[in-house]
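See structure below.
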Amino acid sequence: MNKVAFSLLFIILSINSNFSAQYQPKNISHSDQKKAQQWVDKTYQSLSQDEKLGQLFIVALYTNKDENHINQVRNIVTNDKIGGLILMQDDAAREINLVNEFQQKSKIPLMIGMDAEWGLYQRIAAAHKFPWAMTLGAIQDKKLIYQMAAKIAEDCKRMGINWDFAPVVDINTNPNNPIIGNRSFGSEVTNVIQSALFYSNGLQDNNILAAIKHFPGHGDTSTDSHLDLPLVSHNMDRLNSIELAPFKALMDKGIGGVMVAHLYVPSLEPEKGIPASISKNIITGLLKEKFGYKGLIITDALNMGAVANKYKPGELDALAFKAGNDIMLFSQGVAEGKRLIQRAIDNGEIPQKRVEESVKKILLTKYYLGLHQYTPKNPENVNYDLNNDSHKTLVQNLYSNALTLIKDDKKLLPLNCKNTCYYVPLEEAPYQTFADQLNLNSTVVIKKASEINSIPANSTVIVGFHKDNSTAYKPYKISAESKKVLADLSKNQNVILNVFGSAYALKDIDLSKVSTVLVSYENNDDSMRATANAINGKTKIWGKLPVLVNDQLKAGMGMTLENSPYNKNK
């Protein structure tokens, strides 16, 4: 190809990319692309300026709040003609009914989003919980993550949800991170990228939009951005190799959205205290111009303390749009935001072309997600549809594949209890499911911490650190009392330590005299069943640590233990 022809092709590609959202269905025909563009152009022309500006806003809908809240949202949908809703807690059937109502009232169909990183359970307690990203990061067969995301997409469709604000692609290099932690695939860039790509494709191949977050990287923070503005103080070399690396790698993979964090990153934004979410340098300069991202750019929730404590509702929205965001999420001041954006347009601070660019991106994405022909959802039996045996089977397989064997010095696995084995549950969370499942194949006697002196010497003793996993943000640290029990047992027993919690729980545990160490990552019925089956030899153990825990426990560690043919069929 000669230089002129190459230059012409580059120009054509550049022009085309300006008119297309990052996401589009795979194998879409040229004629379907043309139809989509015609719908976008026709729809855009039919909108008033007020309706165009409305497309830029997504507000929160809670069904566990009173009727005043529901009416407020109803009025915003009707009067401010907003572009979408983010579904919060907690009743699935009621959410479906309200979404059906609001969709019928909207001239342009609403984009319905949800934080469903570990499935709809993150917001709807009746749904089935999928594993956290940290657990998924331990899985070596990444196709399983795709399967999980495809199932989440199925659940989203059942609810009329079009956009799952996931996956998190932050590199969790800080064990004390109060807000990312379990939500990250781990501390290794390559693992995070691979895991996130399978997750994103599992959603988008099933017509649910993904959003990688939290740009430019929330993994090494010690402040919760829901409360205050975190600082990321690294230099550009470090940012490029760690924090920004997943975003750069995934930018051209067709992922529909990037969510921008409320972080202060001095290396990227010279003005003191300016959050990334309202930084033109970071959003327009870096994300759009330098990285060339063409998909939807959405703020993190604008009600979060990192920004809400400093800026007024509406003012914050206008600053976010001016910086380069397409969508203001969880807006608390739609009418004022629209007024201030329009004033900035009238004053020449924001070109009208910016509104056209963002609104056309939003409309095209809505078309590709099928929202131009919205059909109401049926609320009947929704709780069963979101939580049944198909979920349990998949989820237990995920936990089984994540289970990580750090060491097994005395070859205590698979468990052999010809003589009695003992089980000592420690820490604060439930354990009975694990005990019951263990006893299906073996004779295992439960002993309280106060009863360990009654265990005969040289017995096989399973010690379970059962951590409270009722939310992803619970502390993982192990109490001094539990550490002492483990140390005492390790003196004259054959100990299998099983951590039903974060791998970080092992950070300051002396494992030198512990024969066998397993990490299950979470403490719930599915993880306990999967772990008991693996310990009994029914399933293969081959997960790898997704995070650097300490100098001895490094990311990527993990032994492979094949399942036992004898135990498999018991």
Worksheet item: Between the side chains of K248 and N240, does any donor sit under 3.5 Å from an acceptor?
Response: yes
Worksheet item: In terms of the angle between their ring planes, are H218 and H214 parallel, tilted or perpendicular, with boundaries placed at 30° and 60°?
Response: perpendicular
Discussion item. Show, in sequence, the C-alpha distance, side-chain angles and deciding distance for H262 and D300, and conclude whether the side chain to side chain donor-acceptor pair (under 3.5 Å) test is met.
Written reply: CA-CA 7 Å; H262 308 310; D300 205 346; 4.9 Å; no
Discussion item. Under a 3.5 Å threshold, yes or no: a donor from one side chain and an acceptor from the other, between T221 and N177?
Written reply: yes
Worksheet item: When you look at T531 and L438, which way does the side chain to side chain contact (heavy atoms under 4.5 Å, CB included) test go after all the steps?
Response: CA-CA 9 Å; T531 301; L438 273 180; over 6 Å; no
Worksheet entry | Test of ring centre spacing under 6.0 Å for F291 and F247 | no
Item to complete: Answer yes if the side chains of K142 and N191 hold a donor-acceptor pair under 3.5 Å, and no otherwise.
Response: yes
Worksheet item: Quick one: do the E522 and Y399 side chains pair a donor with an acceptor below 3.5 Å?
Response: yes
Item to complete: Using atom types as modelled and distance alone, determine if a side-chain donor or acceptor of N387 lies under 3.5 Å from a backbone N or O of N383.
Response: no
Discussion item. Using modelled atom types and a 3.5 Å cut-off, is there a donor and acceptor pairing between side-chain atoms of Q493 and backbone atoms of I455?
Written reply: yes
Practice prompt. If the plane angle is over 60° it's perpendicular, under 30° parallel, otherwise tilted; pick one for Y62 and F330.
Written response: perpendicular
Worksheet item: Between T299 and V307, does a side chain to side chain contact (heavy atoms under 4.5 Å, CB included) hold up when you go through it step by step?
Response: CA-CA 11 Å; T299 68; V307 286; over 6 Å; no
Worksheet item: Regarding T516 and D408, is there a side-chain donor-to-acceptor distance under 3.5 Å anywhere?
Response: yes
Worksheet item: Which of parallel (below 30°), tilted (30 to 60°) and perpendicular (above 60°) describes Y476 and Y504?
Response: tilted
Worksheet item: To the nearest 0.5 Å, what is the distance between NZ (K540) and CG (L403)?
Response: 13.0 Å
Item to complete: Check whether the side chains of T433 and D525 place a donor and an acceptor atom closer than 3.5 Å, and report yes or no.
Response: yes
Worksheet item: So how far is it from M114 CE to N162 CG, rounded to the nearest 0.5 Å?
Response: 11.5 Å
Fill in: Side-chain donor-acceptor pair present, Y146, D205, cut-off under 3.5 Å
yes
